[in-house]
Structures are given as structure tokens and as C-alpha cells.
Chemist: 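One structure, as C-alpha cells, below. Some questions next.
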Amino acid sequence: MNDYIGLGVIFIGILFDLFGCIGLVRLPDVYNRLQAATKCVSLGTCGIMFGIFLMEGFSGLGVKALVAIPLIFVTAPTAAHALARGAHIAGVRLWRKSVCDEYEEEKKQVGRGKPFI
Amino acid sequence: MSRIVYFIIAYAFWLLLTLSVDWQHLVTGAVVCGLTTMIFGKISISRARKLFQPQRYFWMVLYVLVLLWECLKANFDVAYRVLHPAMPIRPGIVKARSSLKTDVARTCLANSITMTPGTLTVDMNGEGDLYIHWINVKDDDAQHATQMIVKRFERILKRVFE
């Protein structure tokens, strides 16, 4: 029984991973793509891990999969933040239909090219 | 004091990873955790006494539940925007102000914002201003943006960390 529930959870996880990948291709610029990559891929991967835990129970493999979930939840947003900040400082433009960029205005006030923190 | 707490956390993590009480594993874990504590102990926990206040753990559990719910909503939000043929997005970077003081609380807030629907933290400065990439900007006004994005988690995080 647990095997089937586990397989179902793994399937949902893979589905969300797929949505993340479609977003990575379809969305227009770095920042929007990062949105899709962090949200969908982190929850999708966590779903796969949780499915493995359901199938394996409290064995060595299952507990390791369970421990990996909080680690992904902490590291994925941190990596996305680092990538977005690095891209913006390196001068990657937002999509041309973007509405506003208050970060750019703030950077111009402090001095071009230099990270202002 | 903070080094002892750090050692206990690291050792518990090691026990979870190995999941056996074989003496060789226990000794290796103790040595490795001792080494990491010696190297990183100074920069880990600044106010260790907060770890012994039980009401913080209750709010922590509530925070994790809220975060998971928001994360689920975020996934359906992204899936909807990605699969919709016209791609209903209106991206932009807005500025929001948080009133949290400690570094840990601010880090958690930034990470939670990244996990909530449609928002991604780009940067933060020393006064607690967050620059947030918003996939569907509803309001350019900084005050209103703060209300919509930050307040949800700020109330809980204040009780957990401050």
C-alpha cells in the first residue's frame, strides 16, 4: 500500500519538476526563469524525496531522503537569491515589458557598477 | 555555551544520517563534530539562550506549516502562469521594508519570500529594505507592496527569533 502512495507522490513531484522546466524555457528573462526554477523544482524534488521515504520507511535510505528535504528548502532560495543578485550587478537587463525596477534606481544613486551594500 | 549547542545539533544530524549505534560510527561522528565545532563554533549561534524558550518552537512549527502551504500555492501559481498560452506576467522589482532586526530572522524572511507565490528576493540592505522581483506587480507603491508581501511572515518570524 505504502509503495503505491509513494509512487503517487513521486509522480506528482516529477510533474512539478516538469512544470519548472517548461517555465525555464517559456519565461522571458533570468529573473522570471529563476522564479519557476526555485519554486517548482524545489517542491518537485522534495516530493520525490518524500515518495522515497514513504516507500522505504525508516531505513537508512528513507531517513537520508527525509533529511535532504529541509536542506533543499534552505539552499534553493539562497542560491536563487545569489544568482539574481549576481545577474543584476553584472548588468543583466529585465525583460522589456517589465513594469518597474527600483533596484536599478537605487544602484544609480549609489554609483554605477559597484555593489552598494 | 553556543559551541555546546552547536555540537549537539551537529551530532544529532550525524546520527540521523548514519542511523546506527555502531561504536565506530559514534566515535567518527564525535571527532568530526568536534572539529567542525572548533572551526565554525564562533560564527554559529550568537544568543544561545533563545534555544531554551519553548514558546518559540510552537511558533516555529506554525511557521513551517504556513511556509509549506504558501509553497504549494506558489507551485500552482507558477504552473498556471507557465501553462497559460498568453503567459499572464507583469514582472518588476519592487522595494519593501521589513522591521525585523536580527540577521537570522531577516534571512528566514528573505527565503520565505522566495518560496511564496510570484516573489523572489534579489537583495537586501543594512536597514532592512528588501528588493523583491515580483512576477505579477499589482501595486508599484512601496507601502502597499510591503503590506502584501512581507507582513504575512513578519508577524510569525518576530515571535520565533526576536
Side-chain angles (χ1 to χ4, degrees), chain A residues 15-16 18-32 34-40 42-44 46-47 58-64 66-67 70 73-81 83-85 87-89 94-95 97-107 115-117, chain B residues 13-20 64 67-68 70-85 87 89-96 107-108 110-126 129-142 145:
Chain A
L15 205 65
F16 275 124
L18 181 70
F19 288 153
C21 294
I22 294 172
L24 210 60
V25 176
R26 277 201 75 194
L27 290 171
D29 69 355
V30 184
Y31 310 98
N32 290 312
L34 272 175
Q35 296 242 8
T38 46
K39 291 180 184 72
C40 279
S42 60
L43 194 81
C46 287
F58 280 96
S59 65
L61 187 59
V63 171
K64 279 190 191 70
L66 206 60
V67 167
F73 251 87
V74 174
T75 50
T78 314
H81 151 73
L83 283 171
R85 182 170 184 267
H88 206 289
I89 288 172
L94 268 74
W95 186 38
K97 283 183 196 164
S98 297
V99 188
C100 55
D101 190 353
E102 288 174 23
Y103 189 50
E104 181 70 39
E105 291 159 20
E106 198 86 353
K107 247 185 355 186
F116 66 93
I117 306 257
Chain B
F13 192 71
W14 170 268
L15 288 181
L16 264 180
L17 277 181
T18 56
L19 209 75
S20 76
V64 170
L67 182 65
L68 280 177
E70 292 291 335
C71 187
L72 258 179
K73 272 201 320 202
N75 274 274
F76 284 107
D77 182 71
V78 170
Y80 163 72
R81 286 184 204 289
V82 163
L83 296 180
H84 196 287
M87 267 206 307
I89 60 172
R90 200 166 167 268
I93 295 181
V94 296
K95 184 174 167 182
T107 312
C108 271
N111 276 4
S112 328
I113 286 172
T114 302
M115 279 306 192
T116 48
T119 50
L120 180 134
T121 315
V122 176
D123 206 344
M124 180 196 290
N125 65 17
D129 292 333
L130 295 151
Y131 297 91
I132 295 165
H133 182 264
W134 204 350
I135 204 168
N136 192 18
V137 177
K138 291 174 193 140
D139 206 324
D140 298 349
D141 182 35

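Numbered from 1 within each chain, the chains take letters A, B, ... in sequence-line order.
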Chemist: In terms of heavy-atom pairs under 4.5 Å with chain A, which of B/Thr119, B/Leu67, B/Ile113, B/Ile132 leads?
Modeler: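 The candidate making the most pairs under 4.5 Å is B/Thr119.
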
Chemist: Could you tell me if the ring centre of A/Phe16 sits under 6.0 Å from that of B/Phe76?
Modeler: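 Yes, the ring of A/Phe16 comes within the 6.0 Å limit of the ring of B/Phe76, centre to centre.
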
Chemist: Could you tell me which portion of A/Ser59 (side chain, backbone, both or neither) has an atom closer than 4.5 angstrom to a non-hydrogen atom of chain B?
Modeler: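 Looking at A/Ser59, just its backbone touches chain B.
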
Chemist: Got a second to check how far B/His133's NE2 is from B/Thr114's OG1, nearest 0.5 Å?
Modeler: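 Output value for this atom pair is 12.0 Å.
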
Chemist: Any chance you could measure B/Glu70, atom CD, to B/Thr116, atom OG1, to the nearest 0.5 Å?
Modeler: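 Those atoms lie 6.5 Å apart.
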
Chemist: What part of A/His81 is in contact with chain B, defined as an atom under 4.5 angstrom from a non-hydrogen atom: side chain, backbone, both or neither?
Modeler: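 Contact with chain B involves both backbone and side-chain atoms of A/His81.
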
Chemist: Given a strict heavy-atom distance threshold of 4.5 Å, which part of A/Phe73 is in contact with chain B: side chain, backbone, both, or neither?
Modeler: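 For A/Phe73, backbone and side chain are both near chain B.
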
Chemist: Under 4.5 Å, counting heavy-atom pairs only, tell me which of B/Asn75, B/Val64, B/Leu68 racks up the most with chain A.
Modeler: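 The answer is B/Asn75.
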
Chemist: Please rank A/Leu27, A/Thr38, A/Leu15, A/Leu18 by heavy-atom pairs under 4.5 Å with chain B and give me the top one.
Modeler: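 Highest number of pairs under 4.5 Å: A/Leu27.
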
Chemist: How far apart are the C-alpha atoms of B/Arg81 and B/Ile135, what are their side-chain angles, what is the distance that settles it, and do they pass the side-chain contact (heavy atoms from CB on, under 4.5 Å) test?
Modeler: CA-CA 10 Å; B/Arg81 286 184 204 289; B/Ile135 204 168; 3.7 Å; yes

Chemist: I need the A/Leu43 CG to A/Phe19 CZ distance, nearest 0.5 Å.
Modeler: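 Here the interatomic distance stands at 12.0 Å.
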
Chemist: Let me confirm one number: the CE-CZ distance from B/Met124 to A/Arg85, rounded to the nearest 0.5 Å.
Modeler: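 Rounded to the nearest 0.5 Å, the CE-CZ separation comes out at 11.0 Å.
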
Chemist: Which atoms of B/Ser112 come close to chain A, meaning under 4.5 Å heavy atom to heavy atom: side chain ones, backbone ones, both, or neither?
Modeler: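 Neither the backbone nor the side chain of B/Ser112 comes within 4.5 Å of chain A.
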
Chemist: Under 4.5 Å from any heavy atom of chain B, what part of A/Leu66 do you find: side chain, backbone, both or neither?
Modeler: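 No part of A/Leu66 comes within 4.5 Å of chain B.
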
Chemist: Rounded at 0.5 Å granularity, tell me how far NZ in A/Lys39 sits from CG in B/Leu120.
Modeler: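 A/Lys39 atom NZ to B/Leu120 atom CG measures 6.0 Å (nearest 0.5 Å).
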
Chemist: When heavy-atom pairs shorter than 4.5 Å are enumerated against chain A, which of B/Val78, B/Val122, B/Thr107, B/Leu72 gives the highest number?
Modeler: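 Most heavy-atom pairs within the cutoff with chain A belong to B/Val122.
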
